[in-house]
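Below you'll find the structure, written out as structure tokens, and then a few comments.
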Amino acid sequence: MILGLVEHDRGTLEETSLQMLTFARDAAARMDTPFVAVLMGEPARPLLDAMQAYGVTSAVLVQHEGLDDYAPAAWAAALGQLVERKQARMVLAAGTDRGNEVMAHVAARAEQPLAADCSEIHPGEPFEVTRLRWGSTLLEEAVLKGDPKLVTVAPFVVVPEEAPASEPPVLEVFSPELEEADFLVRVVRREEAVTDGITLKTAPVVIGGGRGVGSAEGYAILEELAGLVGGAVGGSRIATNNGWRPHADQTGLTGSRIAPDLYIACGISGAIQHLVGCKGAKRILVINNDPEAPFFSKADYGVVGDLHEVLPAIIEALKKAG
């Protein structure tokens with residue numbers, strides 16, 4: 001049996017979990033074993049309908065009064081108990097901040113290795129995995145030992161594919177034994193960012209600004225362009241470190257990982273830490289006045305020029321086009 005931790009935010013299914021479900025469906029077929037989705041907390045119950053479209057036929061709802069929101073050690077303790085109960089051969093999760101954190105706890109409790117950010121698995125003896133390393137610039141072929149196999153799936157390396165199950169998933173309720181110490185780290189309050197419904201993770205177009213923007217005020221032109229194309233504005237680490245943008249707007253290794261249809265990088269050199277965050281973009285347009293900027297080597301389209309001149313020209317053309 002393979003168990004897959006389905007990540008959600010207060011009942012909203014994460015895109016990365018759909019990628020994990022597609023990955024898990026393939027792994028279960030290759031290993032000739034059933035797949036069971038794991039839902040943490042009662043707020044996750046409504047996700048059953050959405051998961052049916054991705055071939056989920058069996059799910060476990062982990063119920064506990066402390067699991068209404070994220071608590072990494074508690075999630076890991078519950079998942080570990082479920083692994084023992086089901087005698088699972090493998091446990092999967094999305095390679096997000098939360099997925100990697102929970103699975104690291106699971107691995108530590110079980111004293112087993114964890115293969116994080118995997119793009120492929122090769123079941124058998126030995127059991128081999130392909131991992132993304134060094135900001136996704138290196139593919140590592142490794143042998144994964146231990147029982148069960150603990151794996152997280154690298155974000156945006158798998159395209160979610162629907163494969164509707166003929167029947168609604170069979171749901172089992174599981175009540176773990178959790179201790180007070182399992183809730184020392186937990187979400188107790190949220191400071192929500194005020195948005196108009198478009199975020200870095202959902203926008204079809206993201207306009208990112210870096211050192212070349214020059215100041216917080218310089219982002220006004222990026223905001224204007226985003227408004228015209230229904231996009232969102234992000235920033236590099238330099239921009240957030242300088243206080244030009246809030247940290248929630250950062251794209252990169254220590255920020256958000258995005259996958260828009262188009263990413264417009266303005267005044268960003270293209271350090272590997274930033275490239276990790278935008279590698280899921282379908283197309284990349286780079287605007288930079290330095291023709292030697294590393295980002296150009298990763299771009300589908302490039303404009304060598306001052307963003308403060310190029311962006312107004314793009315905006316004018318869009319307005320004329322109606």
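Throughout, numbering of the chain's residues begins at 1 and tracks the sequence. Just so you know, these numbers come straight off a predicted model, no measurement behind them.
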For [X], is the [atom1] atom crowded, meaning more than 12 foreign heavy atoms sit under 6.0 Å from it?
X	atom1	value
R98	CZ	yes
R109	CZ	yes
E111	CD	no

If I compare all heavy atoms of [X] with all of [Y], which pair ends up nearest, and what's the gap?
X	Y	value
M40	A78	CE-CB, 4.0 Å
A226	A232	CB-N, 4.2 Å
A94	S17	CB-N, 4.5 Å
S119	F23	O-CE1, 3.6 Å
A115	V129	CB-CG2, 4.1 Å
P155	D117	CD-OD1, 4.1 Å

Same apolar cluster: [X] and [Y], side chain cutoff 4.5 Å:
X	Y	answer
V303	F295	no
Y301	I314	yes
I264	V213	yes

Within the 4.5 Å heavy-atom criterion, are [X] and [Y] side-chain neighbours or not?
X	Y	value
E14	V6	no
V151	L144	yes
Q87	M1	no
L47	L39	yes
P113	L150	no
Y263	I268	yes
L311	C266	yes
P43	D68	yes

Enumerate, atom names and distances included, each donor-acceptor pair closer than 3.5 Å involving a side-chain atom of residues 54-67, sequence neighbours excluded.
{"unit_1": "Q63", "atom_1": "NE2", "unit_2": "E42", "atom_2": "OE1", "d": "2.6"}
{"unit_1": "H64", "atom_1": "ND1", "unit_2": "G66", "atom_2": "N", "d": "2.9"}

Nearest-0.5 Å distance that lies between atom [atom1] in [X] and atom [atom2] in [Y]:
X	Y	atom1	atom2	answer
E7	L13	CD	CG	9.5 Å
E224	I315	CD	CD1	4.0 Å
D300	L262	CG	CG	8.5 Å
L307	L222	CG	CG	6.5 Å
Y219	L225	OH	CG	13.5 Å
K201	S256	NZ	OG	5.5 Å

Could you tell me whether a side-chain N or O of [X] sits under 3.5 Å from a main-chain N or O of [Y], the two making a donor and an acceptor?
X	Y	value
Q112	D147	yes
E128	E141	no
Q273	G252	no
N242	W244	no
H274	T251	yes
R131	A116	yes
D182	E179	yes
R89	M31	yes

Self-check item: Partner of Y70 by side chain to side chain donor-acceptor pair (under 3.5 Å), out of H8, R186, E101
Solution: E101
Quiz item: What do the steps show when you test L3 against M90 for side chain to side chain contact (heavy atoms under 4.5 Å, CB included), and what is the final call?
Solution: CA-CA 6 Å; L3 297 179; M90 178 186 294; over 6 Å; no
Practice problem: Test salt bridge (Lys or Arg N to Asp or Glu O under 4.0 Å) on R85 and E172 and set out the steps. | Solution: CA-CA 13 Å; R85 177 170 174 169; E172 174 187 349; 3.3 Å; yes
Ion pair check, [X] and [Y], cut-off under 4.0 Å:
X	Y	answer
R190	D69	yes
D261	K282	yes
R257	E15	no

Self-check item: Criterion side chain to side chain contact (heavy atoms under 4.5 Å, CB included) on V38 and L79, from CA distance to verdict
Solution: CA-CA 8 Å; V38 180; L79 189 56; 4.2 Å; yes
Practice problem: Answer with yes or no whether the side chains of T22 and E161 bring together a donor and an acceptor at under 3.5 Å. | Solution: no
Quiz prompt | Pair L21-F35, side chain to side chain contact (heavy atoms under 4.5 Å, CB included): steps then yes or no | solution = CA-CA 9 Å; L21 292 177; F35 170 70; 3.7 Å; yes
Exercise. List for me each residue that meets side chain to side chain donor-acceptor pair (under 3.5 Å) alongside R283, sequence neighbours excluded, and say none if there are none.
Key: none
Practice problem: I would like to know whether L92 and T152 meet side chain to side chain contact (heavy atoms under 4.5 Å, CB included); could you show each step before the answer? | Solution: CA-CA 5 Å; L92 294 172; T152 65; over 6 Å; no
Exercise. Would you kindly check if the NZ (Lys) or CZ (Arg) of K145 is within the cone defined by 45 degrees around the ring axis of F127 and under 6.0 Å from the six-membered ring centre?
Key: no
